[in-house]
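The shown structure was predicted, so the numbers you read here are calculated from the model rather than taken from an experiment. Counting starts at 1 for both ligands and their atoms, in listed order.
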Amino acid sequence: MSRTSTENPTGGIAFVNAPAAEERKGLTKKEIASDHPTWCPGCGDFSVLALYFKLIEKRKILHEKITTVAGIGCSSRIPYFVQGHGAHYIHGRALPFASGISLSRPDLHVFVFGGDGDAFSIGGNHFNHTARKNIKMTYCVMDNWVYGLTKKQTSPTSPLGFKSKTDQWGSVDDPINPMKQAIAAGATFVARTTHTNPNHVLQMMEAAMDHEGFSFIECLSECVEFYAGAFDASNPRKGGVFNEVPKTHDVTDELAAYKLACEPFPGSFGIFYKVNKPTKNVKEAEINKSYQSKVVGLKDWQILQKNFDRMK
Ligand SMILES: Cc1ncc(C[n+]2csc(CCOP(=O)(O)OP(=O)(O)O)c2C)c(N)n1
Ligand code: SF4
Ligand SMILES: [Mg+2]
C-alpha cells in the first residue's frame with residue numbers, strides 16, 4: 001500500500017495511507033448506489049442514473065475523482081442516489097456551483113444533472129455563460145418537456161399546445177431548442193440522446209467526459225406521470241424512429257450542427273458539435289501561475305494590500 005499524492009494542482013486533500021489509484025479496483029454499482037431512487041415507476045430518469053453508474057464502473061472513476069451536482073427537480077435528485085461527493089443545490093444554480101468546483105479542482109470529473117426547467121428557465125442565463133466560458137464539466141439535461149417535481153407546469157421545452165397547470169388551454173409560447181441554444185451559446189461539445197437507448201446514452205456520456213471543455217448532453221427522459229408518450233416518435237419499440245447523426249456529419253462544422261438541431265422531432269441522435277478550444281480552467285491557471293511568480297515570499301495580507309493598491 002502506498003500513499004497517494006493526488007495530482008491536485010491547487011494543493012488540497014491528500015489521501016493518507018490510501019493505495020495509489022492504479023493499485024485500486026474501480027467502484028462497483030453496489031458501492032456507488034445510495035438510497036433507492038424515489039422516482040415514479042417507469043420514469044426515464046432511472047435509466048440515466050443506471051448509465052451514470054455504468055460509466056463510473058466502466059471507466060474506473062474513483063470516489064475522490066468525481067463529483068455529482070444538480071439543481072432542483074425530479075431529475076436533479078440524482079446526487080441523493082449516488083454514494084459519492086456532490087451536491088443537490090439550488091434550483092437553476094447547479095452550473096455556477098459546479099463551475100467553482102471545476103475551476104478549483106480541475107483534476108475532478110464534474111458531472112452536472114438537471115431538468116429542462118432547471119437548465120433553461122431559472123438557470124437559463126447560467127447555461128449560456130458556463131457554455132461560453134468553456135468551463136470543464138459535463139452537463140446532462142434530462143429533458144422531459146415538463147416541470148415534473150412541481151406536478152405539470154409548462155417548461156421552456158414543452159411543445160406548442162401542451163396543456164398544463166400553467167397553460168390550461170394549451171401553451172402558446174414557442175419552445176426553446178436546447179441543441180440550438182447550446183451551439184449558439186458556445187458549448188464546445190453538444191450531443192443528444194434518449195433514455196430509451198441505454199448503449200447510446202453511455203456512449204454520449206463517455207464522449208462528453210473525455211471532452212476537454214464544457215460538454216452538454218440533452219437526454220430525453222420521459223415523465224410517465226405528467227407527459228407520458230412525449231417521446232414515442234423517437235422510440236422504435238413504440239413505432240418511432242431513432243436516427244443517428246449521419247456518419248458523414250462534420251462535428252466541427254457549426255452550421256451543419258445547427259442544421260441538425262433544426263430537424264423536426266424526433267431529429268437525430270449523437271454528437272452534433274465538438275471543437276477544441278482552451279478552457280477557462282487552463283486560462284485561469286496560467287494567470288494564477290504568472291501572478292504567483294510575482295508575489296513569491298509575500299504574506300497573504302501583503303498580496304491583498306497589493307491588489308487594493310492597484311484598484312485605487
Ligand atoms: C427558486 C425556486 N423557484 C421555484 C422552485 C420550484 N420548483 C422546483 S423544481 C421546479 C421545476 C422542475 O422542472 P425541471 O427542472 O424540468 O425538472 P423535472 O422535475 O421535470 O425533472 C420548480 C419550478 C424552487 N424549488 N426554487
Ligand atoms: S413526476 Fe415525472 S419526472 Fe418526476 S419522478 Fe415522476 S415520472 Fe419522473
Ligand atoms: Mg422537466
Side-chain angles (χ1 to χ4, degrees), residues 33-53 68-82 86-98 111-128 130-131 137-168 171 173-179 181-182 192-196 198 201 205 216-232 234-235 238 265:
S34 177
D35 286 352
H36 182 70
T38 47
W39 294 310
C40 309
C43 175
D45 296 352
F46 280 102
S47 152
V48 180
L49 177 67
L51 292 154
Y52 186 47
F53 287 152
T68 314
V69 180
I72 298 290
C74 292
S75 39
S76 292
R77 295 181 69 82
I78 273 201
Y80 279 136
F81 311 139
V82 180
H88 184 207
Y89 197 54
I90 305 170
H91 192 32
R93 312 290 179 235
L95 288 179
F97 186 80
F111 276 90
V112 189
F113 293 91
D116 36 314
D118 197 71
F120 307 121
S121 274
I122 191 166
N125 61 343
H126 296 307
F127 178 67
N128 288 332
T130 315
M137 69 179 76
T138 294
Y139 188 27
C140 179
V141 173
M142 293 136 87
D143 190 359
N144 55 13
W145 292 357
V146 68
Y147 289 1
L149 186 78
T150 43
K151 302 182 191 282
K152 201 175 188 178
Q153 290 83 25
T154 302
S155 100
T157 52
S158 303
L160 282 171
F162 177 63
K163 288 192 174 134
S164 73
K165 287 181 184 137
T166 42
D167 281 296
Q168 296 187 26
S171 168
D173 302 318
D174 275 323
I176 67 133
N177 176 324
M179 303 299 279
Q181 184 139 342
R192 185 165 179 259
T193 189
T194 171
H195 76 104
T196 50
V201 175
M205 281 187 179
F216 167 70
I217 305 173
E218 182 201 16
C219 181
L220 303 180
S221 182
E222 184 177 340
C223 171
V224 289
E225 193 63 29
F226 299 118
Y227 207 156
F231 308 129
D232 284 359
S234 65
N235 183 357
K238 299 268 179 77
F265 194 82

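The aromatic rings of His36 and Phe46 lie tilted to each other, with the angle between the two planes from 30° to 60°. The aromatic rings of Trp145 and Phe231 lie perpendicular to each other, with more than 60° between the two planes, well past the 30° mark.
Considering Ile217, Leu51, Thr194, Leu220 in turn, Leu51 is the only one that fulfils the side chain to side chain contact (heavy atoms under 4.5 Å, CB included) rule with Val201.
A ring-centre distance under 6.0 Å is not found for Tyr139 and Phe111. Ring centroid separation for the pair Phe162 and Tyr227 comes in under the 6.0 Å cut-off.
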Practice task
List the steps, then state whether side-chain hydrogen bond (donor to acceptor under 3.5 Å, both in side chains) holds for Ser221 with Asn144.
Solution key: CA-CA 5 Å; Ser221 182; Asn144 55 13; over 6 Å; no
Practice task
Check the pair Phe216, Phe127 against ring-ring contact (aromatic ring centres under 6.0 Å, His included), reporting the backbone distance first and the verdict last.
Solution key: CA-CA 10 Å; Phe216 167 70; Phe127 178 67; 5.1 Å; yes
Handout entry: Residue pair Leu49, Trp39: steps toward the side chain to side chain contact (heavy atoms under 4.5 Å, CB included) verdict
Key = CA-CA 11 Å; Leu49 177 67; Trp39 294 310; 3.9 Å; yes
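Other residues, nucleotides and ligands contribute more than 12 heavy atoms inside 6.0 Å of the NZ atom of Lys165.
Around the Mg ion (ligand 3), the protein contributes the following N, O or S atoms under 2.8 Å, ordered by chain and number: Asp116 OD1, Asn144 OD1, Val146 O. Listed by chain and residue number, the protein N/O/S atoms under 2.8 Å of atom 4 (Fe) of ligand 2 are Cys74 SG, with waters left out.
Residues satisfying the salt bridge (charged side-chain N to carboxylate O under 4.0 Å, His left out) criterion with Asp173, sequence neighbours excluded, are absent altogether.
Heavy-atom proximity to Val224, at under 4.0 Å, picks out these atoms of ligand 2: 7 (S).
Side chain of Glu222 to backbone of Gly229: a donor-acceptor contact under 3.5 angstrom is found.
For ligand 1, residues of the protein lying within 4.0 angstrom by heavy-atom distance are Ile72, Gly73, Cys74, Ser75, His91, Gly115, Asp116, Gly117, Asp118, Ile122, Asn144, Val146, Tyr147, Gly148, Leu149, Thr150.
The structure places NE2 of His91 at 8.0 Å from OG of Ser76, a figure rounded to the nearest 0.5 Å.
Between Pro175 and Pro159, the shortest heavy-atom distance links the atoms CG-CA, 4.1 Å.
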